[in-house]
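Each residue takes its place number in the sequence, starting with 1. No experiment lies behind these values; they were computed from the predicted model shown.
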Amino acid sequence: MRIALFVTCVNDTMAPGTGRAVLRVLERLGHEVTFPAGQTCCGQMHFNTGYQRECVPLVRKFVDDFADAEVVVSPSASCVAMVRDHHRRVAEVAGDRGLTEAVAHTAPRVYEFSELLVDVLGETDVGARFPHRVTYHPTCHGLRMLGLGDRPQALLRAVRGLDLVDLGGAHECCGFGGTFALKNADVSVAMGRDKVRQVLATGAEVLTAADNSCLLHVGGLLSRARSGVRVMHYAEILAAGDRS
């Protein structure tokens, strides 16, 4: 299958290894990955902060950049949720029928990485090896908007050598919430520290999730606590090792 990669701003700027990991996994499975070089922000930050009209050019550019893609994949549950749910709302705000039709054509073909692997490609064992104790945090957009369920966990359980342990309070927000972390820093940090306590209680070496934004938030707190726990997007875990 020919698959277009939407890497997202946070991954491109702060965690470029995640995009490369998606590429490695999909190529390992025999698929062709394309990367529209002009892609930019999906508009999530603007939309969540109330600047819906300012999102219009970004949504227009997104549907133009991915208009010809058979399937689009992204290693970000929050950005996929933005595209699949909120792009339609932005088009309505713009009052542009052409944009509304373009969104209706593009948005349903955009998948979070685990959705693509499990639902579209029918894969759970992607040939990875990662001999470490890992716990998974289901981020809010993946949990509540996309309904990812146990797709990421199913992929992780198939990784050779990986010991997946349940995270207490897994369904609780980590406190990041994009601009929420800036506007309500004290509350955000308190929520993050609650998440850190739950992570440490698992004895895990690695915390993983479907959103690097949340991992950056919790990872910073884990680092300040000198916990020794690493954070990694689950795509990077799936890219580890090979089928041998």
**Q.** M14, CE atom: more than 12 neighbouring heavy atoms under 6.0 Å
**A.** no

Discussion item. Would you say CZ of F35 has more than 12 non-hydrogen atoms from neighbouring residues, nucleotides or ligands within 6.0 angstrom?
Written reply: yes

query = Hey, are the side chains of V231 and L216 touching, using non-hydrogen atoms and a 4.5 Å cut-off?
reply = no

| query | Between H137 and A209, is there a donor-acceptor pair closer than 3.5 Å when you use the side chain of the first and the backbone of the second? | reply | no

| task | Decide whether V10 and L23 are clustered together by the hydrophobic rule: side chain heavy atoms of Ile, Leu, Val, Met, Phe, Trp, Tyr closer than 4.5 Å, transitively. | result | no

message: Is the shortest side-chain heavy-atom distance between L207 and K195 below 4.5 Å?
response: no

Considering residues, nucleotides and ligands other than R144, do more than 12 of their heavy atoms fall under 6.0 Å from its CZ?
-> yes

*Should L167 and V196 be regarded as members of a common hydrophobic cluster, given that ILVMFWY residues are connected when their side-chain heavy atoms come within less than 4.5 Å of each other, either directly or indirectly?*
yes

### Task
Count the heavy atoms of every other residue, nucleotide or ligand shown that sit under 6.0 Å from CG of D68, and state whether that count exceeds 12.
no

Contacts satisfying ring pair (Phe, Tyr, Trp, His ring centres under 6.0 Å) that involve residues 171-223 (not counting sequence neighbours) are none

So the ring pair (Phe, Tyr, Trp, His ring centres under 6.0 Å) pairs with at least one residue in residues 61-100 (sequence neighbours excluded) are F6-F62, F6-F66, F47-H86, F62-F66, F62-H87

Spell out, as yes or no, whether a donor-acceptor pair under 3.5 Å connects the side chain of T135 to the backbone of V165. yes

**Prompt:** Honestly curious: do V229 and M191 fall in one hydrophobic cluster under the side-chain, below-4.5 Å linking rule?
**Reply:** no

Under a 3.5 Å distance rule, please check whether H233 uses its side chain to pair with a backbone N or O of T208 as donor and acceptor. no

Would you call H132 and M232 a side-chain contact if the rule is heavy atoms closer than 4.5 Å?
no

Correct closest heavy-atom pair for L221 and R193 would be CD1-N, 3.8 Å

Give a yes or no on this: more than 12 heavy atoms of other residues, nucleotides or ligands lie within 6.0 Å of atom CZ of R157. yes

Shortest non-hydrogen pair, A15 vs N212, comes out as CB-ND2, 3.3 Å

Output for pair (E123 CD, L29 CG), nearest 0.5 Å, gives 4.5 Å

d(T202 OG1, L164 CG) to nearest 0.5 Å is 10.0 Å

Just wondering, do Q52 and R89 contact through their side chains at under 4.5 Å, heavy atoms?
no

Tightest non-hydrogen contact, residues A239 and R28, listed as O-NH2, 2.8 Å

Mark yes when over 12 heavy atoms from residues, nucleotides or ligands other than R133 sit less than 6.0 Å from its CZ; otherwise mark no. yes

The reported gap from CG in D12 to SG in C41 (rounded to nearest 0.5 angstrom) is 11.5 Å

_Donor-acceptor check, side chain of Q153 to backbone of Y136, threshold 3.5 angstrom: yes or no?_
no

- List the steps, then state whether side-chain contact (heavy atoms from CB on, under 4.5 Å) holds for L200 with L222. CA-CA 9 Å; L200 295 180; L222 285 165; 4.1 Å; yes

Exercise. Are there more than 12 heavy atoms of other residues, nucleotides or ligands under 6.0 Å from atom CE of M45?
Worked result: no

Within the structure provided, determine whether N11 and P75 are in side-chain contact (heavy-atom separation under 4.5 Å). yes

- Task: Any chance you could lay out the side-chain contact (heavy atoms from CB on, under 4.5 Å) test for D125 and R160, step after step, and finish with the verdict?
- Result: CA-CA 9 Å; D125 184 351; R160 290 158 181 78; 3.1 Å; yes

**Request:** Kindly work out whether a path of hydrophobic side-chain contacts (I/L/V/M/F/W/Y, heavy atoms less than 4.5 Å apart) joins V83 to I3.
**Result:** no

- Applying the 4.5 Å side-chain criterion to the ILVMFWY set and letting contacts propagate, would L162 and V126 be lumped into a single cluster? yes

- Message: With a 4.5 Å cut-off on side-chain heavy atoms, are V56 and L99 touching?
- Response: yes

Tightest non-hydrogen contact, residues V80 and S74, listed as CG2-CB, 3.7 Å

*asked:* Are H105 and V63 packed together at the side-chain level, in the sense that at least one heavy-atom pair is separated by less than 4.5 angstrom?
replied: no

Using the rule given for side-chain contact (heavy atoms from CB on, under 4.5 Å), can you reason through Y111 versus V120, listing the C-alpha separation, both sets of side-chain angles and the distance that settles it, and then say yes or no?
CA-CA 9 Å; Y111 294 90; V120 179; 3.7 Å; yes

Only residue of L26, T124, V73 satisfying side chain to side chain contact (heavy atoms under 4.5 Å, CB included) with L117 is L26

To the nearest 0.5 Å, atom CG of D65 lies from atom SG of C42 at 12.0 Å

**Item:** Check: T106 side chain, A67 main-chain N or O, donor-acceptor pair, under 3.5 Å
**Value:** no

Between the OH atom in Y51 and the CG atom in L58, the distance rounded to the nearest 0.5 Å is 14.0 Å

* Would you say T8 and T18 make side-chain contact, with heavy atoms under 4.5 Å? -> no

Sorted by chain and residue number, the side-chain hydrogen bond (donor to acceptor under 3.5 Å, both in side chains) partners of S114 (sequence neighbours excluded) come out as E112

task: Go through the steps for V25 and F113 under the test side-chain contact (heavy atoms from CB on, under 4.5 Å), then give the verdict.
output: CA-CA 10 Å; V25 171; F113 190 38; 3.8 Å; yes

Rounding to 0.5 Å, atoms NE2 (H141) and CZ (R84) come to a distance of 12.5 Å

Correct closest heavy-atom pair for R53 and V93 would be NH1-O, 3.2 Å

Heavy-atom closest pair (G19 atom, L5 atom, distance to 0.1 Å) is O-CD2, 3.9 Å

